Number of protein chains: 2
Amino acid sequence: MSTEDNLLKLVEVETPDDQDYLLQEQVGFILRKAHQRHVSIFAAHIGDLTPPQFAALAKLRDVGETSQNQLGTLIAMDAATVKGVIDRLKARGLVELSKHEVDKRRLLVNLTAEGRDAIERLIPLAREITQETLAPLSAKEIATFMKLLAKLA
Amino acid sequence: MSTEDNLLKLVEVETPDDQDYLLQEQVGFILRKAHQRHVSIFAAHIGDLTPPQFAALAKLRDVGETSQNQLGTLIAMDAATVKGVIDRLKARGLVELSKHEVDKRRLLVNLTAEGRDAIERLIPLAREITQETLAPLSAKEIATFMKLLAKLA
DNA sequence: TTGATATCATTTGCATACGAATGAATTTTC
DNA sequence: GAAAATTCATTCGTATGCAAATGATATCAA
């Protein structure tokens, strides 16, 4: 290999050609597709609730009554988004709202009896959703993948 | 360990307790967060274009003129979604639309000169976005993660 | 104590994302 | 070649998702 060839190769390594950019190989693009697939699997198992709605119910079950904002933090939703989700759950009678006695800014959210029934009933289906989402991977691959995915989230 | 303990353990393995369900450990939830983080990184590098808009431009650069539907397939967007994306790109003069001469159903989409300039200019930034998204992982971990993620998408 | 800051919630505006319904054009099938 | 099925695109309705602006309340600091 000539000196010029080596120089060319060096340049190539440090400033990749635009031809090299393949959308289908970028993390962001594949991440978006993987998420889409999961949402689709979710909808096939749980038709009458969205993943964010489910997340709100599941988290309320874990922590009990909290403020709307705090719930948003726990399920990674900003204030504007969580409001819409809670509004819809309230309209369906799955959660109830009340005012914080001391701090009048806070809007407390809690499961209703019906909401509690719903989330208990749905958790087994959620397990299936997780399983089906991970079905293309072996048990060992799942462990590896979850560890790395967690680092990126 | 007593026979009863063993029985209990067996039952537990096959029908996990609802207490075991932790939202923060479910693929779907973490996938959503990882995607959110990526979008946030994207926005920090490329403020005037969204990831779907970028995907449309990048794919048009790869394949040249295509129908709107075909483009949607290539970038994993349904017909309704891709229409909105293309409408906005058209309004900004980055793509142009024309009718297919033979098949009158099809709406052809292509980059304008400005659109081509834009995508060429943005690709280096997109490389940085990919790098920053994957920054929490080592080179070896990146290879493993991308392989497994691709299986899920 | 009051003035500055921070927090909680709401609203508006914009951009995906997708199911379902519709209409137009093409292809398949018999 | 006509009927049936398919494909392409649009529209509508609903649901995230987030930035930015606003208002109410709470906390901090001088």
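Just the heavy atoms: all of them, side chains too, but no hydrogens, waters or symmetry mates, feed the values below. Since the model is a prediction, treat every value here as computed from it, not as a measurement. Note on naming: letters A, B, ... go to the chains in the order of the sequence lines (proteins, then strands), and numbering restarts at 1 for each one.
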Inset, instruction - Residues of residues 71-102 of chain B with any non-hydrogen atom less than 4.0 angstrom from an atom of DNA chain D: list those, numerically ordered, please. - result: B:Ala79, B:Ala80, B:Lys83
Inset, instruction - For A:Glu128, check side chain to side chain contact (heavy atoms under 4.5 Å, CB included) against everything at least two apart and list the hits. - result: A:His45, A:Leu125
Inset, instruction - Share the residues that join B:Val39 in a hydrophobic cluster, the rule being Ile, Leu, Val, Met, Phe, Trp or Tyr side chains under 4.5 Å apart at the heavy-atom level. - result: none
Inset, instruction - Tell me, please, which residues at least two apart from B:Asp103 pass side chain to side chain contact (heavy atoms under 4.5 Å, CB included). - result: B:His100, B:Arg105, B:Arg106
Legend entry - By side chain to side chain contact (heavy atoms under 4.5 Å, CB included) - contacts of A:Leu97 (at least two apart): A:Ile86, A:Lys90, A:Leu107, A:Val109
Inset, instruction - Under 4.0 Å from any atom of DNA chain C, heavy atoms only: list the residues of residues 25-53 of chain B that qualify, in numerical order. - result: B:Thr50, B:Pro52, B:Gln53
Side-chain atoms of residues 71-80 of chain B: list all donor-acceptor pairs with protein atoms under 3.5 Å, sequence neighbours left out, distances to 0.1 Å.
from: B:Thr73; atom 1: OG1; to: B:Asn69; atom 2: O; distance (Å): 3.3
from: B:Asp78; atom 1: OD1; to: B:Ala80; atom 2: N; distance (Å): 3.4
from: B:Asp78; atom 1: OD1; to: B:Thr81; atom 2: N; distance (Å): 2.9
from: B:Asp78; atom 1: OD1; to: B:Thr81; atom 2: OG1; distance (Å): 2.8

Inset, instruction - Using the salt bridge (Lys or Arg N to Asp or Glu O under 4.0 Å) rule, collect all pairs that involve residues 25-46 of chain A, keeping only residues at least two apart or in two chains. - result: none
Inset, instruction - Using the closest heavy atom to pick a nucleotide of DNA chain C for each, name whichever of A:Asp103 or B:Lys104 lands nearer the 5' end. - result: A:Asp103
Legend entry - Test item: side-chain donor near acceptor, B:Gln26 and A:Thr130, under 3.5 Å: yes
Inset, instruction - For DNA chain C, note the earliest and the latest nucleotide, 5' to 3', having some atom under 4.0 Å of a heavy atom belonging to chain B. - result: C:dA15 to C:dT26
Inset, instruction - Run through the side-chain heavy atoms of Ile, Leu, Val, Met, Phe, Trp and Tyr, join any pair under 4.5 Å, and report what else lands in B:Leu149's cluster. - result: A:Val27, A:Ile30, A:Leu31, A:Leu134, A:Leu137, A:Ile142, A:Phe145, A:Met146, A:Leu148, A:Leu149, A:Leu152, B:Val27, B:Ile30, B:Leu31, B:Leu134, B:Leu137, B:Ile142, B:Phe145, B:Met146, B:Leu148, B:Leu152
Inset, instruction - Only counting residues at least two apart or in another chain, list the ones meeting salt bridge (charged side-chain N to carboxylate O under 4.0 Å, His left out) with A:Glu141. - result: B:Lys151
Legend entry - Of all pairs that satisfy ring pair (Phe, Tyr, Trp, His ring centres under 6.0 Å), the ones with a partner from residues 47-90 of chain A, not counting sequence neighbours: A:Phe42-A:Phe54, A:Phe54-B:Tyr21
